[in-house]
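Chain identifiers are assigned alphabetically (A, B, ...) following the order of the sequence lines, protein sequences preceding nucleic acid strands; residue numbering begins at 1 within each chain.
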2 protein chains.
Amino acid sequence: MDTRERLIESTRELLWERGYVGTSPRAIQQRAGVGQGSMYHHFTGKPDLALAAVRRTAEDMRAKAEGELSGPGTAYERIEAYLLRERAVLRGCPVGRLTQDPDVITDAVLRQPLEETFDWLRRRLGRVLAEGRERGELASDLDPVATAAAIVATLQGGYVLARAAASVEPFEDAVKGVLGLLAARVTS
Amino acid sequence: MDTRERLIESTRELLWERGYVGTSPRAIQQRAGVGQGSMYHHFTGKPDLALAAVRRTAEDMRAKAEGELSGPGTAYERIEAYLLRERAVLRGCPVGRLTQDPDVITDAVLRQPLEETFDWLRRRLGRVLAEGRERGELASDLDPVATAAAIVATLQGGYVLARAAASVEPFEDAVKGVLGLLAARVTS
DNA sequence: GTCTATACAGGGATAGAC
DNA sequence: GTCTATCCCTGTATAGAC
């Protein structure tokens with residue numbers, strides 16, 4: 001892995017662990033094992049490097065979700081596969097956590113990948129739900145847009161509850177809860 | 001409002017806006033309109049002051065939720081009242097946002113109020129759901145614990161989605177979605 | 001109790017040598 | 001391209017005057 005690559009990967013890790021405000025150029029350089037000059041040769045500064053890191057993390061997240069949501073099975077089964085995927089729950093969502101960073105959220109360029117990721121995810125889940133409804137798998141009066149938002153929100157909020165409790169239990173309860181509510185809308 | 005009180009209130013605002021890592025003693029003192037010495041007279045340092053602020057914010061949140069959840073109406077109506085309460089959605093949850101702060105979450109004392117608040121909230125919602133079920137208002141196979149976690153998570157995740165989108169729409173969709181799923185479990 | 005002065009590490013970036 | 005040296009500002013806290 002070359003220097004530029006190491007800088008991006010180190011930044012991704014630190015943004016996940018400590019957020020944007022909590023991540024210093026020094027810490028990035030040390031983790032990447034490079035000097036001051038290298039970072040400022042490849043990137044104009046902290047925001048520029050963070051942007052490269054955030055874009056890659058956002059792409060990763062979309063790719064993983066697409067894997068589960070485009071898989072085989074009914075709408076319910078695909079959503080179940082997505083929600084029950086193995087996750088590092090206590091570390092939180094590397095995209096969602098950045099929404100709490102004032103310097104990210106007030107910067108239109110840095111915020112854009114976050115917006116695109118969650119927009120995409122809600123739409124993708126909405127399509128799965130709409131398909132399930134059309135195929136007669138799900139109740140005909142189920143609202144795909146609102147339900148998709150609720151599912152994504154449950155995941156993001158599950159991370160919040162887990163971190164508050166220092167335990168994965170509330171996350172797992174929340175996922176179980178929303179899956180239970182959705183299961184009741186599966187036509188039998 | 002005396003000096004000590006102004007310091008706590010200024011800290012609450014800044015923790016909400018910028019989080020723990022993003023909030024400096026200087027900024028607190030300036031917002032409170034006091035000098036360096038005053039802050040270190042009343043509090044031992046930033047963590048001590050933050051603890052006082054966080055505890056008060058957590059109490060506030062519980063008190064508001066109790067107002068809606070102990071009100072009149074069916075279980076569904078009380079949960080609806082809680083979820084549809086007017087909120088400063090784009091500012092996020094003043095308690096939930098602290099779960100993203102590494103210096104808060106790794107400090108057992110600072111984390112405790114967060115854990116207690118969400119524990120209490122899940123239990124309180126769980127009791128409302130269990131009561132509704134006993135009274136025959138809700139489906140008998142509804143899981144109160146898991147459903148309560150899903151409802152709290154939807155709220156917390158709704159804030160995340162709204163901040164990513166710089167719009168209240170995903171929050172409102174998520175709330176609508178979970179209420180729609182819950183409504184389908186109301187016995188008719 | 002509250003203020004100003006001071007201290008020192010770290011954040012964030014630039015300059016210039018190699 | 002990468003390194004070290006340097007710069008200025010802020011974060012966090014202490015000291016001591018009033």
- Message: Would you say CD of A/E66 has more than 12 non-hydrogen atoms from neighbouring residues, nucleotides or ligands within 6.0 angstrom?
- Response: yes
- DNA chain D stem ranges, 3 or more consecutive Watson-Crick or G-U pairs under 3.5 angstrom: C:1-18 with D:1-18
- Task: Please indicate whether B/R85 has more than 12 foreign heavy atoms, meaning atoms of other residues, nucleotides or ligands, lying under 6.0 Å from its CZ.
- Result: yes
- Using a cut-off of strictly less than 4.0 Å between a heavy atom of the residue and any atom of DNA chain C, enumerate the qualifying residues of residues 39-49 of chain B by number. B/H41, B/H42
- side chain to side chain donor-acceptor pair (under 3.5 Å) partners of residues 17-27 of chain B, not counting sequence neighbours, each pair once: B/E17-B/R31
- Query: Listed by chain and number, what are the side chain to side chain donor-acceptor pair (under 3.5 Å) partners of A/R163, not counting sequence neighbours?
  - Reply: none
- Item | Connected via hydrophobic side-chain network under 4.5 Å: B/F43 and B/L51 | no
- Task: Tell me whether the OP1 or OP2 atom of C/dG1 has a side-chain N or O from B/T3 closer than 4.0 Å.
- Result: no
- For residues 34-53 of chain B, pull every pair meeting salt bridge (charged side-chain N to carboxylate O under 4.0 Å, His left out), keeping only residues two or more places apart or in separate chains. none
- Item | Residue pairs passing the salt bridge (charged side-chain N to carboxylate O under 4.0 Å, His left out) test where at least one lies in residues 146-155 of chain B, sequence neighbours excluded | none
- Message: How close do B/R133 and B/P144 get, counting heavy atoms only, and between which atoms?
- Response: NH1-CD, 3.6 Å
- Task: Check each residue of residues 20-38 of chain B for a non-hydrogen atom within less than 4.0 Å of any atom in DNA chain D, then write out the ones that pass by number, or none.
- Result: B/T23, B/S24, B/P25, B/R26, B/Q36
- Task: List in chain and number order the residues that pass side chain to side chain donor-acceptor pair (under 3.5 Å) with B/R56, two or more places apart in sequence or in another chain; answer none if no residue qualifies.
- Result: B/E5, B/E9
- Inter- and intrachain pairs under ring-ring contact (aromatic ring centres under 6.0 Å, His included), touching residues 56-82 of chain A, at least two apart: none
- Query: Got a sec? Which of residues 4-16 of chain A come in under 4.0 Å of DNA chain D, heavy atoms?
  - Reply: none
- Item | Any pair counted as ring-ring contact (aromatic ring centres under 6.0 Å, His included), so long as it reaches residues 108-165 of chain B, sequence neighbours left out | B/Y159-B/F171
- Message: Strictly by salt bridge (charged side-chain N to carboxylate O under 4.0 Å, His left out), give each pair with a member in residues 73-84 of chain B just once, sequence neighbours left out.
- Response: B/R78-B/E131
